[in-house]
Every structure is written in C-alpha cells, then in structure tokens.
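Note that the coordinates shown come from a computational prediction; the quantities given were computed from them, not determined experimentally. Per chain, numbering begins at 1; letters A, B, ... match sequence-line order. FYI, side chains are in, hydrogens and waters are out, and symmetry mates aren't considered; it's all heavy atoms of this structure.
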There are 2 protein chains.
Amino acid sequence: MISCLLVEDQTLVRLGLANLLNLSDVICVEGQAENGEDALNQLEQRDFDVVLLDMRMPVLDGLGVLRALQNSTKCAPPILIITTFEDCEVLVSAMALGAKGYVLKNIELEELIESIKQIVAGRKVLQPALTDYLLQKQIAPQIELTEKERQVLTCLSLGMANKTIARNLHNSEGTIRNHVSHILAKLEVQDRTQAVLKAIELGLV
Amino acid sequence: MISCLLVEDQTLVRLGLANLLNLSDVICVEGQAENGEDALNQLEQRDFDVVLLDMRMPVLDGLGVLRALQNSTKCAPPILIITTFEDCEVLVSAMALGAKGYVLKNIELEELIESIKQIVAGRKVLQPALTDYLLQKQIAPQIELTEKERQVLTCLSLGMANKTIARNLHNSEGTIRNHVSHILAKLEVQDRTQAVLKAIELGLV
DNA sequence: CAAAAACAGTGACAGATGTCATAGCGAAAA
DNA sequence: TTTTCGCTATGACATCTGTCACTGTTTTTG
C-alpha cells in the first residue's frame, strides 16, 4: 500500500478524493491537510510515500510548500501536483521547485492512480495535455519589450489614451505614438485593444 | 432518500463527491453527467429530486442548462448550483434563470447535505459568503445592454475593428459605430479599449 | 572605438473612431 | 391607438490612432 498525504483546501473535493483513492487496493490516504502549513506540520510528524498537492490554497499555497520543503533538511517524499487548468501557469515554477509530477483535476481516476505509482517508483509524470501547453508556451516567442514599452503597455491596459499616457510619462504624444506602434509590431496585433487583450492573455500586465 | 443528479465535468471531483453523498443516509446520487448536454439527456429520461450543477463545463455550461430547462415544457427538479468562487459572477444570472440555490465548493459536507434538503423542501439556499458578494454587486449599477449591443461588445472584446464587426454581423459600419457609441455611454467609458476592460471586469463577456 | 539599441522628438498622412442629428421600420407596451 | 424601444442607416464632423521617414542623444555592447 502506498501511504499518501492529500493536501487540498476544498473540503468536499478532499474528502471525496480521499474516499476514491482509499477504495483502490494500492493507495491509502493516511493524512489530509487543508492548507500548506497544515501539510508541513504533518510531514514533520510522520512519513508518507507521496504527497498529492493542490496549488491554490489559503494560508500557504502549493509553491510555498515546495519552497519550504526545498529549504528543509529532512528528505521529503515525492510530490504530485494536482490542480486545475487555470493554475497551470505555475507548472514550470512547480517543477523547478522539485515537484515530481503535475496533473489536472479532470484526470481519470485510473490515470491518477497510475501517476501516483509512477511517482512513487521515482519517475516523473506530466499529463499529455500539459506537454502540449508547455510546447505552446515555448513556441510562443517570448515578447521582448523595452522598459519604456512595458510602461506604455501598462498604461494601455489601464485604458489610457495616447495624450493621457504622454502626460503621465512626461513625453510628447508623438513619442508615445511611436512606442505604441512598436508595441503593436512586437505583439503582432493591429491596434491597442488587441494589444491589451494579448498582454492580458500572455500575463504581461 | 433524495435522488440526485450530479453534473460536474472533472471526473475526480464528480466521483468523489458522489461517493461522499452516497455515504450519507439521505442522499443518493442516481445520475452523473459530465457536461450540460449529458445532464439534459438524463433529465429527459428520468426524474430526480434535485440537480447539483457545476457552472464551468465544456460543451454546455451551467447557464446553458438553466436556459434550456426554462424553455422546456417539462417541469424540472430544483437546481443547486455548486461551483468555485471564481465563477460567482454568474450568481445573479443563475438565480434569475431559476436556480434554487448557490453554494461554493469549499462548503462543508454537512452544510451541503443540509442545503440539498432545504432545496428539496422548496426553500432557497445562499451561502452567507455569497450574500455579502451580492450586496457588493447590487451597489455596482447593473448594466442594461440590448441584445445587439451585447453582440457588438463581444466582438469588441475579441479585438475587432468596426469594419470587421460590420462584416461579421451583416451591418453597415455606421450602424456598428452607433452601437459602439451607445455601449461606451452605458459602460461610462471613453473608448473601446476601456469598454473591453470594463466588460471583462464586470464579467459581461 | 564603432555598432547597436533605447529613448525622445517632429511633421505629415491615411484611416479609424466616436458623436450627433436625423430618419425609417417593426414590434411590444401603454 | 399612440408611444416607446430596438435596430438599421446615412452624412458630417472633430478627434484619435497608427505609420513612416528622419533627426537627434545617450547608453550598452561587441
């Protein structure tokens, strides 16, 4: 039996998932935590074979737990991140902080159990859907904006007109127009509205 | 026993929650659906005492289900929305579309079961946390857009130019300009970029 | 040092955007 | 029935927006 610590803030999801896993004949949820601090405490008190860790949590989130464990002297069990797609921007950070696997909550139960086994066996796990996501991010050329352009883009995403931006950044309107023009080119869009949307999408603002 | 249809796209959460509810001695999850269409099919085939409905789903989301049921001739069972805080902008829409209750996924199991009983008994249920949220929103004046304006706003938030919108909606550019003008007035902003930002903020798109 | 890049600026231009007045049509509400 | 509202449309207008070419200064970098 694989002993497992389940860290998840939503009570319903946690209890439900714990039950499901316990129904299997290989995994036993022997600890539950509803936030990061709670999880760290339990990890100090006893050993687990694996930790199932949610990302978005109050008090101390998933990344916080990973950071704490990296700085700890104790040898922590392997960690499988299990979270929603919305939180997958932190995928890279999480893996860099030593997580051994990353799966989405819409995974099938069998797949999850298989993933846990893989993790315990020392392998790494990434859902296919996520490798695609990673590739996309890699391909999407990282936009190289200059400091000034970033400032102007921020103003754009606050809905400012060129005149207003000029006043704010102490430049002539013409200069701002030039900066905007460069931003549009770099983001490969046709106008400021599209620029703002793309900036939001790429998390540039 | 209360017979219940559980509609939730994330397999883990759905199976887990179904198990939990079945462990209680009052609720029996007799149907599961992983999206809105699936749910509507099951509702046609047999009756349930109550529907637990997630909001964010592929294919057909929670609001879509509510809309479909309103336009249906059949008398649908009472519906309890159960979703995450991030999706609670649709609270008002959901209740307006006939949902009988709205709770967040971080609710305690006992509370959830109590809520379901209340719903089945014909009462309405709103988590305390949500009434606060409602009050906040009430203060923010609700924006009344016409159908056409909503369409145009959607186009705006996709970054389209007036000319493009005109082509898309089969109107003259002048007409679109008029609509845009009205939208700006109603949203109390000065240009399309601000309109898009406000629309996103208010969850209008 | 020399090239490259970021920054600031100007002037001119085309086209996009938003406002306003006005008007016709059809459906819904009073 | 009259009125109101939503939708469509046009023309005129002022302003905003984005592009381009060209000129500088300063800082970074090879």
Peer 1: Whole-Å distance between C:dA8 C1' and A:Ile165 CD1?
Peer 2: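 Computing the A:Ile165:CD1 to C:dA8:C1' distance gives 16 Å.
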Peer 1: Let me know the distance between NZ of B:Lys163 and C1' of D:dA9, rounded to the nearest Å.
Peer 2: 17 Å
Peer 1: Decide, yes or no, whether a salt bridge links A:Asp9 with A:Arg56 under the criterion of side-chain N to carboxylate O below 4.0 Å.
Peer 2: no
Peer 1: More 5' along DNA chain C: B:Gly174 or A:Lys186, using each one's nearest nucleotide?
Peer 2: A:Lys186
Peer 1: Do the side-chain N or O atoms of B:Thr175 get closer than 4.0 angstrom to the phosphate oxygens (OP1, OP2) of D:dC7?
Peer 2: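 The answer is no; no side-chain N or O of B:Thr175 sits under 4.0 Å from OP1 or OP2.
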Peer 1: Measuring from the side chain of B:Asn162 (C-beta onward, heavy atoms only), which nucleotide among C:dC7, C:dT19, C:dG18 has the closest atom?
Peer 2: C:dG18
Peer 1: Which of the following nucleotides, C:dC7, C:dA8, D:dT8, is nearest to the side chain of A:Glu147?
Peer 2: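 It is C:dC7.
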Peer 1: Knowing that exactly one of A:Glu173, A:Arg177, A:His179, A:Arg192 qualifies, which makes a side-chain hydrogen bond (donor to acceptor under 3.5 Å, both in side chains) with A:Asn162?
Peer 2: A:Arg192
Peer 1: Consider the side chain of A:Ala161, meaning its heavy atoms from C-beta on, and name the nucleotide among C:dG9, D:dT17, C:dT17 that approaches it most closely.
Peer 2: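 Among C:dG9, D:dT17, C:dT17, the one nearest the side chain of A:Ala161 is D:dT17.
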Peer 1: Between D:dT8, D:dT17, C:dT17, which one does the side chain of A:Glu173 approach most closely?
Peer 2: D:dT17
Peer 1: Does B:Ser172 place a side-chain N or O at less than 4.0 Å from the phosphate oxygens OP1/OP2 of D:dT10?
Peer 2: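 Indeed, a polar side-chain atom of B:Ser172 lies that close.
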Peer 1: Verify the distance criterion only: is there a donor paired with an acceptor across the side chains of B:Thr154 and B:Ser157 at less than 3.5 Å?
Peer 2: no
Peer 1: Would you kindly compare B:Leu169 and B:Asp191 by the position of their nearest DNA chain D nucleotide and give the one closer to the 5′ end?
Peer 2: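 The residue mapped nearer the 5' terminus is B:Leu169.
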Peer 1: Remember a base hit wins even if backbone is also touched, and classify A:Thr146 as base, sugar-phosphate or nothing at under 4.0 Å, heavy atoms.
Peer 2: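 Counting heavy atoms under 4.0 Å across all strands, the contact made by A:Thr146 is with sugar-phosphate only.
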Peer 1: Taking the minimum atom-to-atom distance to the side chain of A:His179, which one of C:dA8, D:dC7, C:dG18 wins?
Peer 2: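 Among C:dA8, D:dC7, C:dG18, the one nearest the side chain of A:His179 is C:dA8.
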Peer 1: If the cut-off is 4.0 Å, is B:His182 near the phosphate of C:dT19, judged by side-chain N/O to OP1 or OP2?
Peer 2: no
Peer 1: For the side chain of B:Leu184, starting at C-beta, report the closest nucleotide among C:dT17, D:dG18, C:dG18.
Peer 2: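 Per side-chain heavy atoms of B:Leu184, the pick is C:dG18.
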Peer 1: Contact class for B:Asn178 (heavy atom, under 4.0 Å): base, sugar-phosphate, or nothing?
Peer 2: base
Peer 1: Of all the choices, D:dG18, C:dG9, C:dG18, which nucleotide is nearest to the side chain of B:Arg177 once you look at every atom?
Peer 2: C:dG18
Peer 1: Give a yes or no on whether the backbone of B:Gly159 and the side-chain of A:Gln194 come within a donor-acceptor separation of less than 3.5 Å.
Peer 2: yes
